[in-house]
S.K.: 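First, the structure itself, so that you have it in front of you.
Numbers here simply count residues along the sequence, with the first being 1.
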Amino acid sequence: MKWQQVRELFLDQFVLLSILDYREEDDKKVITEVAPVRAVSEKNANQEFFSAEPGYLVYHTANEECVIHLRRDPVMRVRRRS
């Protein structure tokens, strides 16, 4: 199912999605095909987001595109001043 179809079915809600297909552009993944699993309440969205299995995503349908911004170097070293 295309993201636009999910947006129409789950108007202004968080949705748990199974990612079926995507394309990478620079530092982001643009999700092109998904399978909606279920709506997620706003109250539980944060918990569901961090406990989602690989290949799943919690995303809000207010967003026009379904995009994941990638962090190529997630570890940042900070130097302490003496």
S.K.: So do the side chains of Arg7 and Glu64 get within less than 4.5 Å of each other, counting heavy atoms only?
M.R.: yes

S.K.: Just how far is it from atom CG of Asn63 to atom CD of Glu65, taken to the nearest 0.5 Å?
M.R.: 9.5 Å

S.K.: Distance-only check: which donor-acceptor pairs under 3.5 Å involve side-chain atoms of residues 29-39, not counting sequence neighbours?
M.R.:
unit_1	atom_1	unit_2	atom_2	d
Thr32	OG1	Asp21	O	3.2
Glu33	OE1	Lys2	NZ	3.0
Glu33	OE2	Met1	N	2.5
Arg38	NH2	Glu48	OE1	3.0
Arg38	NH2	Glu48	OE2	3.3

S.K.: Does a side-chain heavy-atom distance below 4.5 Å link Cys66 with Ile19?
M.R.: no

S.K.: Would you mind listing every ring pair (Phe, Tyr, Trp, His ring centres under 6.0 Å) that reaches into residues 7-29, with sequence neighbours excluded?
M.R.: Phe14-His60

S.K.: Crowded around Glu24 CD? As in, over 12 foreign heavy atoms under 6.0 Å?
M.R.: yes

S.K.: Excluding sequence neighbours, so at least two apart, what forms side-chain contact (heavy atoms from CB on, under 4.5 Å) with Ser51?
M.R.: none

S.K.: Is there side-chain contact between Tyr59 and Trp3, with at least one heavy-atom pair below 4.5 Å?
M.R.: yes

S.K.: If I take atom CD from residue Gln47 and atom OG from residue Ser41, how far apart are they, to the nearest 0.5 angstrom?
M.R.: 9.0 Å

S.K.: Does the side chain of Leu57 come within less than 4.5 Å of Ile68's, by heavy atoms?
M.R.: yes

S.K.: Would you say Thr61's side chain and Asp12's backbone share a donor-acceptor pair under 3.5 angstrom?
M.R.: yes

S.K.: Assigning hydrophobic clusters by single linkage (Ile, Leu, Val, Met, Phe, Trp, Tyr; side-chain heavy-atom cutoff under 4.5 Å), is Tyr56 placed with Phe50?
M.R.: yes

S.K.: Honestly curious: do Leu20 and Val67 fall in one hydrophobic cluster under the side-chain, below-4.5 Å linking rule?
M.R.: no

